[in-house]
Every structure is written in structure tokens, then in C-alpha cells.
Amino acid sequence: LYIPLEALKGVKISNFNALKVKVKDTKSLKKVADKLTEMGFLVSSLSETVEEANKVFMVIQITLSAFGIVALIVAAIGMANTMTVTLLERTNEIGVMKAIGASDKDIQWMFLFESGLISLCGGLTGIFLNFLVTKILNAGFNMLAKGLGGQPVTLFYTPLWFLILIIVFSIIVGFISGFFPARKAAKMDPLEALRYK
């Protein structure tokens, strides 16, 4: 039970088991906590708990980012492999297109457009899965909080700028992955391409 100090006027209490200190400004919290520690008190504040939680979340973010980078590299390699296989399968088509007047730039842009489109579809699928998983997790945590008498809260949130960044980044990765196969397709000799089986 906490009561104001003014309510204890006239009551002589020499020892306290615990003392709750409030500060007017959060900027003063560190100074007050340090001063109380110097006086020999054991101090714990909510801001320290929040800081510790932020450190844990930072480690989780770094770990997930590392997994994301590895997944991105694997996806880029897979994308380049897919475009190379597509190039081999469509060698005759490339020969026919060049024979009827398609320029090297047209062939290159066709391959780059395809790789960018595949990456865009992958990025949009990832965003859709993100929304699905976050909705399920938020609903689950809110049901748990409601069952324990707590307030509903949004734990997982994806800002709009991050979604736009994912779409742009996935298209860029697609262009980079498809660049070398597209260049190879553009430089193909029409006669050799028509003879290829």
C-alpha cells in the first residue's frame, strides 16, 4: 500500500521497507536514480526495464536481419539460375525474334522485365504473408491479454514506408539477378540461336 508522505505527519516511522519516488521530468530520472544509489538504496525503475527489453528486441532484430540477408542472397542466386534456364529454353525464340527485327536492347529489356516481374510477385507474396502472420499473432496475444485481464495491444506493426521499400528492393534484386542472363541473351548470334536444340 502506498500513501503520501504528508499523510504520515505526526506518525514516527524510522524504517521503510520500500520507497516509491516520482520525478516530474523523465530527463531527471537517471540523475535521481544515481543519487539514490549513492545514498545506499537499491533502485529499480521502469525505464531500466524498458531499456533491457529494447536491447533484447535489438538482438532479435539483428538476428532476423541476418537471416533475411542470407535468404535474399539465396533468392538472388535462385533467380539468376531461373533466368539462365529460361535463356537456354528460349534460345530458338530469341533467334526468331532477332531474325524478324528485335534489337539487342529489346531482348535485354524483355529479360530484365521478366526478372523484375518475378521479383515483384515474390515481394508482394512476402508482404501478404507478413500481414497474415502479424494479424494471427496480434489476435492470439490480444486473446491471451483479454483472458488475463489486460488491455488489447498491437505488438507487430509494419509501417507503409517499409512496405514500399520491400517492393522497390525486390524489383532491384530482380534486375540485378536478371542482368547477366539478359546481357547474354542480347549478345546471342541469331544464326547460332536458331540452330540451337
key: Spacing of N81 atom CG and T86 atom OG1 [to the nearest 0.5 Å]   = 9.0 Å
query = Out of curiosity, does F113 fall in the hydrophobic cluster containing V173 (side-chain heavy atoms, cut-off under 4.5 Å, transitive links)?
reply = no
note = Joining Ile, Leu, Val, Met, Phe, Trp and Tyr whenever any side-chain heavy atoms lie under 4.5 Å apart, the cluster holding M143 also takes in none
Acceptor/donor pairs from residues 34-43 side chains to any protein atom, 3.5 angstrom cut, sequence neighbours excluded:
from: D34; atom 1: OD1; to: K30; atom 2: NZ; distance (Å): 3.4
from: D34; atom 1: OD2; to: K30; atom 2: NZ; distance (Å): 3.3
from: T37; atom 1: OG1; to: A33; atom 2: O; distance (Å): 2.7

request  = Check side chain to side chain contact (heavy atoms under 4.5 Å, CB included) between S65 and all other residues, then give those that pass, not counting sequence neighbours.
outcome  = none
request  = For T84 and F180, run side-chain contact (heavy atoms from CB on, under 4.5 Å): C-alpha distance rounded to whole Å, both residues' side-chain angles, the deciding distance at 0.1 Å, then the answer.
outcome  = CA-CA 9 Å; T84 304; F180 291 108; over 6 Å; no
task = Please name the pair of heavy atoms, one in L120 and one in S170, separated by the smallest distance, quoted to 0.1 Å.
result = CA-OG, 4.1 Å
Contact list for residues 171-187, test salt bridge (charged side-chain N to carboxylate O under 4.0 Å, His left out), sequence neighbours left out = none
message = Applying side chain to side chain contact (heavy atoms under 4.5 Å, CB included), can you list everything that pairs with L132, at least two apart in sequence or on another chain?
response = I136
message = Restricting to non-hydrogen atoms, name the atom on S177 and the atom on A76 that form the minimum distance, rounded to 0.1 Å.
response = OG-O, 3.3 Å
ask   = Do you see a donor-acceptor pair shorter than 3.5 Å between the side chains of D106 and S103?
value = yes
query = Is there a chain of hydrophobic side chains (I, L, V, M, F, W, Y, each step under 4.5 Å between heavy atoms) that links I167 to L160?
reply = no
hydrophobic_cluster_shared for F131 and L165, side chain cutoff 4.5 Å = yes
query = Does CZ in F175 sit with more than 12 non-hydrogen atoms of other residues, nucleotides or ligands closer than 6.0 Å?
reply = yes
request  = Compare every heavy atom of T91 with every heavy atom of L88, then report the nearest pair and how far apart it is.
outcome  = O-OG1, 3.1 Å
key: Remaining members of hydrophobic cluster (4.5 Å side-chain criterion), F111   = M79, M83, L87, I94, M97, I107, M110, I118, M188
Cluster check L124, L163: I/L/V/M/F/W/Y, side chain < 4.5 angstrom = yes
inquiry  = Nearest 0.5 angstrom please: I166 CD1 to T158 OG1, how far?
reply    = 7.0 Å
key: Transitive ILVMFWY cluster of I69, excluding itself - 4.5 Å side-chain cut-off   = I73, I77
key: Distance in Å, K105 NZ paired with L112 CG, rounded so as to fall on 0.5 Å steps   = 9.5 Å
Counterpart residues, salt bridge (Lys or Arg N to Asp or Glu O under 4.0 Å), relative to K98 (two or more places apart) = D104
inquiry  = According to side chain to side chain donor-acceptor pair (under 3.5 Å), does anything in residues 111-128 pair up with another residue at least two apart or in another chain? List the pairs.
reply    = R90-E114
inquiry  = Connecting only ILVMFWY residues whose side-chain heavy atoms lie within less than 4.5 Å of each other, what is the rest of F57's hydrophobic cluster?
reply    = V56, I60, L64
ask   = Tell me, which pairs form a salt bridge (charged side-chain N to carboxylate O under 4.0 Å, His left out) where one or both residues lie in residues 65-89, sequence neighbours left out?
value = none
ask   = Who are the side chain to side chain contact (heavy atoms under 4.5 Å, CB included) partners of I176, not counting sequence neighbours?
value = I172
